[in-house]
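What's counted below: heavy atoms across the whole structure, side chains too, no hydrogens, waters or symmetry copies. Since we're looking at a predicted model, the values are computed, not measured.
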Amino acid sequence: MKKILSLTAALLLAAASAAMAGNIVLVEPDKTGGPSVMEAIAGRASAEQKAFSNEELSLKELSTILWAATGRNREPKGWTVPMAMGREPYVSVYVLLKSGGYLYNWEKNALMQQTTEKKLTSRAVTQDFAKSAPCILVFVSKGTMNVDNYNYIATGAMSQNVYLAAEALGLKTRFLASFNKVNIEAALMLGPVMKITGVMVVGRQ
């Protein structure tokens, strides 16, 4: 019995270690560079429906985009986007890269690996130009906010911040109405109360 328990504990530890090995610790986001807010608004535009460059986003660019989408910008509780009643973000951001799928942890400023599926960036979307994007953001309601409109309001604010941050960084992004809901839910193992509220592609063109 002791041997079985020891073996089980060892397997669990190995699984946890493997998961941690796939996590990505991000660098500090850029909070000072780039154009003014008004200049970023003036330049804000959706990426064209043409192929993206193969160049992946740097850790600095990823960190800045994700912090803009749902980061903390003041203590004790303050976010870069409005959250009802000052709650912690109730819409999560999942990040699909060539190395797999990740959940953005705003507290640790890290990407927590959810899957190692390498072709998820192409299987998650339906349009050819979107399949070439090196980074896809998936906004997912956690199911903790029972007023559904709040989840979509938050997603709208988050996606607009992604647009402005992308413009400031010289990147291109586009909010997609068409995506493969079944593939995303299966790959990221989303729970029954979780709902995809938006998908964006990010990269260079």
| query | Is the backbone N or O of Gly71 less than 3.5 Å from a side-chain atom of Thr80, with the two atoms forming a donor-acceptor pair by type? | reply | yes
| request: Kindly work out whether a path of hydrophobic side-chain contacts (I/L/V/M/F/W/Y, heavy atoms less than 4.5 Å apart) joins Val81 to Val140. | output: no
| message | Taking atom NZ as the centre, does Lys31 end up with more than 12 heavy-atom neighbours from other residues, nucleotides or ligands that are less than 6.0 angstrom away? | response | yes
| Rounded to the nearest 0.5 Å, what separation is found between the CZ atom of Phe175 and the CG atom of Leu137? | 10.5 Å
| said: How long is the straight-line distance from OG of Ser92 back to CE of Met158, given to the nearest 0.5 Å? | reply: 7.5 Å
| Out of curiosity, Leu120 CG to Asn183 CG, how far, rounded to the nearest 0.5 Å? | 8.0 Å
| said: Between Trp106 and Trp67, is the ring centroid distance below 6.0 Å? | reply: no
| field | Candidates Glu48, Glu61, Glu56 - the one meeting salt bridge (charged side-chain N to carboxylate O under 4.0 Å, His left out) with Arg204 | value | Glu61
| Lys118, NZ: over 12 other non-hydrogen atoms inside 6.0 angstrom | yes
| request: Answer yes or no: does atom NZ of Lys195 have more than 12 heavy-atom neighbours from other residues, nucleotides or ligands under 6.0 Å? | output: no
| message | For Tyr150, is the OH atom crowded, meaning more than 12 foreign heavy atoms sit under 6.0 Å from it? | response | no
| request: Without swapping roles, check the side chain of Thr144 against the backbone of Tyr90 for a donor-acceptor pair under 3.5 Å. | output: no
| Test item: Ser122 side-chain N/O and Lys131 main-chain N/O as donor-acceptor pair under 3.5 Å | no
| Is the backbone of Gly101 close enough, under 3.5 Å, to the side chain of Thr115 for a donor and an acceptor to pair up by distance? | no
| task | Give a yes-or-no answer on whether the side chains of Ser178 and Thr126 include a donor-acceptor pair shorter than 3.5 Å. | result | yes
| When rounded to the nearest 0.5 angstrom, what is the spacing between CD1 in Ile136 and CD1 in Ile184? | 7.5 Å
| remark: CD (Gln205) and CD (Gln49) are apart, to the nearest 0.5 Å, by 9.5 Å
| task | Would you confirm whether Glu39, through its side chain, and Ser36, through its main-chain N or O, come within 3.5 Å as a donor-acceptor pair? | result | yes
| request: Could you tell me whether a side-chain N or O of Asn23 sits under 3.5 Å from a main-chain N or O of Gln113, the two making a donor and an acceptor? | output: yes
| query | Is there a donor-acceptor contact under 3.5 Å from the side chain of Lys98 to the main chain of Cys135? | reply | no
| To the nearest 0.5 Å, how far apart are CG in Asp30 and CD1 in Ile65? | 11.0 Å
